Amino acid sequence: MTFRSLLAAAAMLACAAAQAQPAQDAAAYPSKPIRFIVGPGPDALARLFGQSMTEAWGQPVIVEQRGGGGGTISAEAVAKAAPDGYTLLLATGTHTINPSLYKIPYDMVKDFAPVTLLGSTPFVLSVHPSVQAASVAELIRLAKAKPGALNYGSGGSGTPPHLATELFKTLAGVNLVHVPYKTVAAAITDLIAGQLQVMFTVGPAGLPQIRAGRIRGLAVSTAKRSAFAPELPTVAEAGLAGFDVFGWNGLLAPAGTPKSVIVKLHDEITKVLRLPEVRERVAGFGFEPVGNSPEEFGEFVKADIAQWAKVARESGARVD
């Protein structure tokens with residue numbers, strides 16, 4: 001055999017080995033515990049899917065809270081983890097806002113491999129019952145008549161409800177004063193008490209208070225009416241065309257994770273999402289199940305980053 005033919009044979013063997021590697025990766029995965037890293041927000045969804053994956057694969061899924069830094073600590077931990085599918089990020093809208101407000105040591109697009117969007121939840125534009133506004137239009141008129149007189153709350157600077165309200169202010173041309181809290185629960189408590197007048201409440205936390213009459217819901221933030229509150233119009237219906245923001249949870253792996261492992265993760269999670277009892281539990285957390293493809297989720301993340309960058313730029317929002 002000539003030297004040239006030896007090189008050709010070696011190249012063919014290398015190519016065959018490369019093609020076989022993804023199948024080997026998927027077949028062996030998982031062979032040890034998987035970590036779900038959770039930053040901002042509750043870990044209920046991570047625990048739900050972790051339990052289902054543990055039962056299906058026989059490997060424990062450990063849910064690990066890495067709070068702080070507005071979600072940057074959790075994201076950095078996963079971005080720098082080994083790209084083997086054993087460290088995953090439960091991402092939220094806060095993670096796609098951060099590139100516009102922080103100097104972060106990672107890239108939300110280049111340093112992550114999308115798996116799937118798990119679920120979404122609407123924000124509800126809510127007011128204290130003493131506020132003389134029964135609709136979005138009336139709230140805008142009141143805010144314009146009394147610029148700077150209405151305070152709005154959020155679960156912290158840089159969170160999606162904060163930026164959602166800044167978008168509302170820009171589109172409506174009103175001046176509302178931001179009062180950030182350490183948690184959504186604390187902000188809602190002060191909204192109920194009348195210390196705050198306005199807030200985009202997160203659906204799961206705000207809707208029970210609206211139903212109890214402690215606060216008044218005016219509209220949902222999504223482009224379409226929500227199944228959780230079909231009686232409420234959308235902000236866009238009320239005249240602010242194009243207003244479409246919401247909370248979400250999705251799963252990201254480190255960039256470079258083998259495609260075969262991403263596919264296996266995606267297929268298992270979406271299979272779980274299709275189970276009626278799981279869909280019921282996800283809805284109980286206030287989320288509408290999604291389960292899109294890795295490619296679709298990747299495009300969603302890019303679009304969300306661009307949307308929040310525009311909001312931050314036009315509103316001048318910043319982390320105090």
Side-chain angles (χ1 to χ4, degrees), residues 37-43 45-46 65-79 89-109 111-112 117 120-126 150-172 174-191 196 198-206 221-222 235 243-250 252 286 300-320:
I37 306 297
V38 180
D43 60 9
L45 279 181
Q65 288 280 171
R66 291 276 190 102
T72 59
I73 293 174
S74 59
E76 183 178 8
V78 176
L89 175 67
L90 186 71
T92 72
T94 299
H95 288 109
T96 48
I97 288 173
N98 286 343
S100 299
L101 300 179
Y102 293 92
K103 291 183 178 179
I104 54 178
Y106 54 85
D107 187 296
M108 277 304 301
V109 174
D111 291 336
F112 295 93
L117 181 63
S120 65
T121 187
F123 303 132
V124 183
L125 181 58
S126 307
L150 301 178
N151 294 330
Y152 80 88
S154 76
S157 296
T159 58
H162 169 210
L163 271 292
T165 316
E166 290 300 314
L167 174 61
F168 177 83
K169 287 170 55 179
T170 299
L171 294 178
V174 297
N175 179 15
L176 307 174
V177 179
H178 183 214
V179 183
Y181 288 74
K182 290 185 178 180
T183 66
V184 170
I188 290 180
T189 296
D190 270 10
L191 180 64
L196 297 172
V198 184
M199 183 176 174
F200 268 102
T201 61
V202 181
S221 63
T222 43
V235 173
F243 197 98
D244 180 22
V245 295
F246 49 88
W248 57 268
N249 276 173
L252 297 172
F300 170 84
V301 168
K302 291 177 186 177
D304 217 39
I305 291 171
Q307 173 181 244
W308 291 127
K310 184 174 185 289
V311 172
R313 183 173 60 252
E314 293 181 351
S315 69
R318 64 182 188 272
V319 179
D320 297 325

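Because the structure is a prediction, the values reported are computed rather than measured. Note that these values count all heavy atoms, side chains included, but never hydrogens, waters or copies made by symmetry.
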Problem - Full working for side-chain hydrogen bond (donor to acceptor under 3.5 Å, both in side chains) between Thr165 and His178 - result: CA-CA 9 Å; Thr165 316; His178 183 214; over 6 Å; no
Exercise for the section: May I have the step-by-step check of side-chain contact (heavy atoms from CB on, under 4.5 Å) for Asp244 and Thr222, ending in yes or no? Expected result: CA-CA 5 Å; Asp244 180 22; Thr222 43; 4.2 Å; yes
Exercise for the section: Given side-chain contact (heavy atoms from CB on, under 4.5 Å), test Thr96 with Trp248 step by step and report yes or no. Expected result: CA-CA 11 Å; Thr96 48; Trp248 57 268; 3.7 Å; yes
Exercise for the section: Check the pair Leu150, Val174 against side-chain contact (heavy atoms from CB on, under 4.5 Å), reporting the backbone distance first and the verdict last. Expected result: CA-CA 10 Å; Leu150 301 178; Val174 297; over 6 Å; no
Practice task
Applying side-chain contact (heavy atoms from CB on, under 4.5 Å), run through Leu252 and Met108 and close with a yes or a no.
Solution key: CA-CA 10 Å; Leu252 297 172; Met108 277 304 301; 3.8 Å; yes
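For Ala312 against Leu101, the heavy-atom pair with the smallest separation is CB-CD2, 4.3 Å. Nearest heavy atoms, His162 versus Gly156: CB-O, 3.8 Å. The minimum heavy-atom distance between Pro160 and Thr94, with the atom names listed, is CD-OG1, 3.2 Å. The two atoms that bring Gly70 and Asn98 nearest to each other are O-ND2, 2.8 Å, heavy atoms only. Closest approach of Gly153 and Met199 over heavy atoms only: O-CG, 3.3 Å. Nearest heavy-atom pair, Phe112 versus Ala79, reported as atom, atom and distance to 0.1 Å: CZ-CB, 3.6 Å.
Side-chain contact between Ser74 and Val38 is absent, with no heavy-atom pair separated by less than 4.5 Å. Side-chain contact check for Tyr152 versus Glu166: some heavy-atom pair is nearer than 4.5 Å. In this structure, Asp43 and Leu90 have side chains that are not in contact, with every pair of non-hydrogen atoms separated by 4.5 Å or more. Using a 4.5 Å cut-off on side-chain heavy atoms (C-beta onward), Val184 and Thr159 make no contact.
The distance between the ring centers of Phe200 and Phe243 falls below 6.0 angstrom.
Distance check: Ser157 OG to Leu163 CG gives 9.5 Å after rounding to the nearest 0.5 Å. Distance check, rounded to the nearest 0.5 Å: CH2 of Trp308 to OG of Ser315 gives 10.0 Å. Atom CD1 of Ile73 is separated from atom CD of Gln65 by 12.0 Å, given to the nearest 0.5 angstrom. The line from NE2 of His95 to CG of Asn249 is 10.0 Å long, rounded to the nearest 0.5 Å. Note that CG of Asp111 and CD1 of Ile104 are 9.0 Å apart. Values are rounded to the nearest 0.5 Å. Atom CG of residue Leu171 and atom CD of residue Glu314 lie 8.0 Å apart, to the nearest 0.5 angstrom.
Using modelled atom types, one side-chain atom of Ser126 and one backbone atom of Val124 make a donor-acceptor pair closer than 3.5 Å. Formation of a donor-acceptor pair under 3.5 Å by the Thr121 side chain with backbone atoms of Gly286 is found in this model. The main-chain N or O of Val245 is found under 3.5 Å from a side-chain atom of Ser221 such that the two form a donor-acceptor pair. A donor-acceptor contact shorter than 3.5 Å is absent between the side chain of Lys302 and the backbone of Val109. For the pair Asp304 (side chain) and Gly93 (backbone), a donor-acceptor distance under 3.5 Å is absent.
The side chain to side chain contact (heavy atoms under 4.5 Å, CB included) check on Val179 picks up Asn151, Tyr181, Leu196, with sequence neighbours excluded.
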